[in-house]
Amino acid sequence: MPELIAPTARLHTSWLTAHAEWSPEARQDGGGMRLAGEDVLANPDVFSAWVRRLREQADPDRPLAEGWVHATHWWIVEDDTYLGAIDLRHTLNDFLLRAGGHVGYSIRPSARRRGLATWALGAVLPEARALGIERLLLTCDDDNIASARTIERNGGVLEDVRQTEIGLKRRYWITL
């Protein structure tokens, strides 16, 4: 049975195995990779520091760099195996309103087609409601049919499809 957990250095080896399944140019949406920067996450100490940054991003009292918003990160795991990640951005800045949305998620390639993204998004909706978010914006690439179905299965209503600085995006709203 999968579960959502806070990122943890304990799953370093499993995370590395999962990370190796993605192509180098692949985006791991919801995984917090931008917080890693150029760090080499194979190093356990560097990985631990990155995990700490992921967890700290949820703290509303912690100042963030310009352009960043507070976000809660979870890892999707089953039997101590990292399967993917999902994050909930507490607010929208201009970029997130145009292209990124409140939620990002990704499932490692070997764990796809099991309904994990649909399950994880459903599990995060009450968390968004608890933060006082009334309408949740989700976006996906226009050609990502699996992600569109994940959003629609969780009540997403398509607003439009638009060109953004990161490509053609489908924009959905979920009323909480």
Side-chain angles (χ1 to χ4, degrees), residues 1-93 95-96 99-128 130-131 133 136 138-141 144 146-147 150 165-167:
M1 185 79 176
E3 61 181 325
L4 293 182
I5 66 167
T8 175
R10 179 177 55 81
L11 294 179
H12 184 215
T13 301
S14 181
W15 185 92
L16 286 173
T17 301
H19 183 68
E21 292 180 11
W22 273 284
S23 64
E25 67 277 354
R27 289 190 328 258
Q28 293 178 42
D29 294 330
M33 297 303 295
R34 287 184 58 214
L35 286 174
E38 297 299 316
D39 291 348
V40 179
L41 296 177
N43 177 305
D45 293 332
V46 173
F47 186 83
S48 292
W50 173 64
V51 165
R52 193 169 34 261
R53 287 192 301 273
L54 290 176
R55 294 173 75 122
E56 289 171 349
Q57 193 179 10
D59 182 353
D61 295 326
R62 187 171 201 82
L64 298 174
E66 186 174 332
W68 288 82
V69 299
H70 289 99
T72 303
H73 297 269
W74 294 275
W75 287 355
I76 305 162
V77 301
E78 188 171 48
D79 299 325
D80 278 344
T81 300
Y82 175 92
L83 302 175
I86 187 165
D87 71 353
L88 171 62
R89 298 155 196 138
H90 301 181
T91 59
L92 296 175
N93 60 21
F95 168 76
L96 294 173
H102 282 101
V103 177
Y105 52 83
S106 59
I107 304 297
R108 70 189 287 179
S110 65
R112 292 179 183 161
R113 303 189 58 84
R114 293 178 40 195
L116 291 168
T118 300
W119 169 81
L121 178 55
V124 167
L125 296 180
E127 302 290 338
L131 287 172
I133 299 171
L136 198 67
L138 291 102
T139 69
C140 66
D141 291 343
N144 189 340
S147 189
T150 290
E165 57 265 48
I166 57 173

When you compare the side chain of [Y] with that of [X], does any pair of heavy atoms fall below 4.5 Å?
X      : Y      : result
Tyr105 : Thr150 : yes
Ile133 : Leu88  : yes
Thr17  : Thr81  : no
Trp75  : Leu54  : yes
His102 : Leu96  : no
Leu136 : Val124 : no
Ile76  : Leu4   : yes

Spell out, as yes or no, whether a donor-acceptor pair under 3.5 Å connects the side chain of [X] to the backbone of [Y].
X      : Y      : value
Ser106 : Gly30  : no
Gln57  : Val69  : yes
His12  : Leu41  : yes
Arg108 : Tyr82  : yes
Arg112 : Ala146 : no

How far does [atom1] of [X] sit from [atom2] of [Y], to the nearest 0.5 angstrom?
X      : Y      : atom1 : atom2 : result
Leu16  : Leu11  : CG    : CG    : 11.0 Å
Glu66  : Asn93  : CD    : CG    : 10.0 Å
Leu138 : Ser147 : CG    : OG    : 8.0 Å
Ile107 : Glu21  : CD1   : CD    : 11.5 Å
Leu131 : Thr91  : CG    : OG1   : 10.0 Å

**OP:** Answer yes when Arg114 and Glu78 have at least one side-chain N-carboxylate O distance shorter than 4.0 Å, and no when they do not.
**Re:**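 Looking at Glu78 together with Arg114, the answer is yes, because their closest N to O distance falls below 4.0 Å.
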**OP:** Assign the ring pair His19 / Trp15 to parallel, tilted or perpendicular, where the plane angle (0 to 90°) is split at 30° and 60°.
**Re:** parallel
Taking all non-hydrogen atoms of both residues into account, name the closest pair between [X] and [Y] and its distance.
X      : Y      : answer
Leu116 : Ala111 : CD1-O, 3.5 Å
Thr8   : Ile5   : CG2-CD1, 3.9 Å
Phe47  : Ala9   : CE2-CA, 3.8 Å
Gly101 : Arg89  : O-NH1, 2.9 Å

**OP:** List in chain and number order the residues that pass ring-ring contact (aromatic ring centres under 6.0 Å, His included) with His70, two or more places apart in sequence or in another chain; answer none if no residue qualifies.
**Re:** none
